[in-house]
2 protein chains.
Amino acid sequence: MTEERPLRADARRNRERLVEAARTVFAARGLDAPLEDIARQAGVSIGTLYNRFPTRDALIDAACADQVAATAAIAAQALSYDDAWEGFVHFVTRICDLQAADRGYRDLTGRTVRHSAQTRAALRDGYRQMLRIVRRAQRAGALRADVTLADLAFVFWGHAATVAATTGIGTHARHRHLALMLDGLRAEGAHPLPAPPLSPAEVDRALGGCD
Amino acid sequence: MTEERPLRADARRNRERLVEAARTVFAARGLDAPLEDIARQAGVSIGTLYNRFPTRDALIDAACADQVAATAAIAAQALSYDDAWEGFVHFVTRICDLQAADRGYRDLTGRTVRHSAQTRAALRDGYRQMLRIVRRAQRAGALRADVTLADLAFVFWGHAATVAATTGIGTHARHRHLALMLDGLRAEGAHPLPAPPLSPAEVDRALGGCD
DNA sequence: GCCTAACTTGAGACAACACTCAACTTATTG
DNA sequence: CAATAAGTTGAGTGTTGTCTCAAGTTAGGC
């Protein structure tokens with residue numbers, strides 16, 4: 001499907017510059033930032049941007065590769081903790097730090113992006129790791145048994161909203177939000193949940209995922 | 001300040017229609033909905049809309065009067081519960097129901113609206129009541145003692161985000177999100193919070209409030 | 001060094017919205 | 001039933017952003 005015709009040297013260089021510029025601009029102004037701004041930042045014309053990336057999603061996909069990798073790295077770190085709950089907290093906390101540092105990353109969870117097969121595979125891997133983090137913390141009796149990987153979405157959607165509302169005010173708000181949410185996820189003192197979790201298919205739809 | 005010159009009969013009628021149309025359109029499509037759509041829905045020209053409401057905020061302010069009243073009513077109900085925690089849960093739950101039913105209401109918490117003096121007074125009253133709900137639940141030992149009225153913002157911002165992500169999928173997601181958050185707010189099994197709460201001034205800024 | 005396919009360029013066509021104003025219409029009042 | 005102040009109208013202007021394409025430029029094989 002991806003006809004891998006090699007790019008000419010200048011085209012490749014421009015592609016790099018565009019991805020780099022996209023990272024910067026997306027991080028600062030979100031995934032809806034004007035494409036012209038990205039082209040300008042890359043020192044390239046808008047036409048070239050469209051030559052390299054025919055759709056916004058293609059550019060987003062290229063620009064988010066780093067973040068997907070970073071997410072996987074965080075998950076790996078989490079699994080290396082001796083204490084399962086500490087590992088879980090590490091994972092959630094670091095992801096939230098990424099959200100706070102990068103508006104594009106934040107937007108990613110709330111938007112339907114048509115990702116490349118490569119990114120989709122990486123994401124699937126990430127989910128698998130996250131599943132292990134969750135299961136391990138549950139087996140240790142620290143994370144409440146009635147939650148699902150899907151319930152982590154609430155943590156991330158919620159935290160992203162608090163970051164959006166409080167950027168420029170300080171980090172204490174988001175730290176508190178997260179701490180409260182984590183207390184709600186502890187097995188200790190958990191009250192029965194009133195509704196079933198999102199099914200994997202529903203999560204996909206909600207993430208705007210790979211439909 | 002508000003020169004209360006009485007409107008002509010047709011102008012008053014149009015004003016009513018516009019407010020009604022705004023309620024409908026804002027509820028369905030959010031506070032950023034095109035003003036032309038509202039004018040059309042009201043059966044009135046765009047010029048008339050601008051005659052009646054010189055700014056979008058003026059229209060939002062007029063359209064949200066009902067919701068502000070509804071919020072106050074919910075708070076009053078909450079205070080009438082015998083059980084303080086049940087009252088607290090009632091309040092939070094009903095507000096979240098409003099969020100789920102009305103996209104405009106959801107947007108309201110995340111946007112800077114220049115409200116009329118009247119609305120501002122109503123909001124201040126609402127906060128006072130919310131403060132009583134929180135204090136009462138804390139005095140009863142059910143709500144953790146280290147949270148503040150300001151921390152409720154996390155519940156509402158977070159829930160709104162989950163609603164945004166899962167509209168069209170079902171209500172179970174938001175119910176779960178809320179239940180987890182409520183478990184995090186219980187005094188029972190609370191772990192110390194890592195950061196100070198938002199000060200009232202910071203909340204105002206974050207709500208985009210009355211700066 | 002020349003040729004050609006591969007790239008780049010940026011002006012311009014489109015589209016969506018906000019907002020204005022001169023020309024018309026209508027409610028009110030004496 | 002004027003006279004007129006108050007109100008309505010919608011075409012027009014400005015802005016911001018997306019996306020295209022004909023004309024010009026350049027990399028790289030021969």
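Residue numbers start from 1 in every chain, and the chains themselves are labelled A, B, ... in the order their sequence lines are given, proteins ahead of strands. Excluded from the calculations below are hydrogen atoms, water molecules and symmetry mates; all remaining heavy atoms, backbone and side chain alike, are included.
- Taking atom CZ on B:Arg29 and atom C1' on C:dA16, their separation rounds to 13 Å, with Å as the unit.
- The nucleotide whose nearest atom lies closest to any side-chain atom of A:Glu36 is, among C:dT20, C:dC7, D:dT18, D:dT18.
- Atom pair B:Phe53:CZ and C:dT20:P shows a separation of 16 Å (rounding to whole Å applied).
- Minimum atom distance to the side chain of A:Pro34 is reached by D:dT18, of the listed D:dT8, D:dT18, D:dA11.
- In this structure, B:Arg52 reaches the sugar-phosphate backbone alone: every heavy-atom distance under 4.0 Å involves primed, P, OP1 or OP2 atoms, never a base.
- Residue B:Asn14 places no side-chain N or O under 4.0 Å from the OP1 or OP2 atom of D:dG7.
- Rounding to whole angstrom units, CZ of residue A:Arg40 and P of C:dT9 are separated by 14 Å.
- Here the closest non-hydrogen pair linking B:Ala39 and B:Leu49 is N-CD1, 4.0 Å.
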Under the side-chain hydrogen bond (donor to acceptor under 3.5 Å, both in side chains) rule, what do A:His191 and B:Arg186 come out as? Steps first, then yes or no, please. CA-CA 10 Å; A:His191 291 243; B:Arg186 292 185 142 98; 3.3 Å; yes
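- As rounded to whole Å, 10 Å separates atom C1' of D:dA6 from atom CG of B:Leu7.
- You'll find the side chain of A:Gln41 stays beyond 4.5 Å of the side chain of A:Ile38, heavy atoms only.
- Across the interface with DNA chain D, nearest-nucleotide mapping of B:Leu49 and A:Arg13 shows B:Leu49 to be the residue nearer the 5′ end.
- Spacing between atom CZ of A:Arg17 and atom P of C:dT8 amounts to 10 Å, rounded to whole angstrom units.
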Could you check A:Asn14 against A:Thr48 for side-chain hydrogen bond (donor to acceptor under 3.5 Å, both in side chains), going step by step and ending with a plain yes or no? CA-CA 8 Å; A:Asn14 287 338; A:Thr48 295; 5.0 Å; no
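- Below the 3.5 angstrom threshold, one finds a donor paired with an acceptor across the side chain of A:Arg8 and the base of D:dT26.
- Of the candidates C:dT8, C:dT20, C:dC7, C:dT8 carries the atom nearest the A:Thr48 side chain, counting heavy atoms from C-beta on.
- Comparing C:dC7, D:dT20, D:dT9 against the side chain of A:Tyr50 picks out D:dT20 as the nearest.
- For the pair B:Thr55/B:Tyr50, no side-chain contact is recorded, criterion being any heavy-atom separation below 4.5 Å from C-beta on.
- The residue among A:Gly47 and B:Thr55 whose nearest nucleotide of DNA chain C is located toward the 5' end is A:Gly47.
- The A:Ser45 side chain lies nearest to C:dT9 when the options are C:dA18, C:dT9, D:dT20.
- The CG-P distance, from A:Asp32 to C:dA16, rounds to 17 Å in whole Å.
- Look at CZ on A:Arg56: it is 8 Å from P on D:dC19, rounded to the nearest Å.
- Comparing A:Asn51 and A:Leu35 by the nucleotide of DNA chain D whose heavy atom lies nearest to each, the residue mapping closer to the 5' end is A:Leu35.
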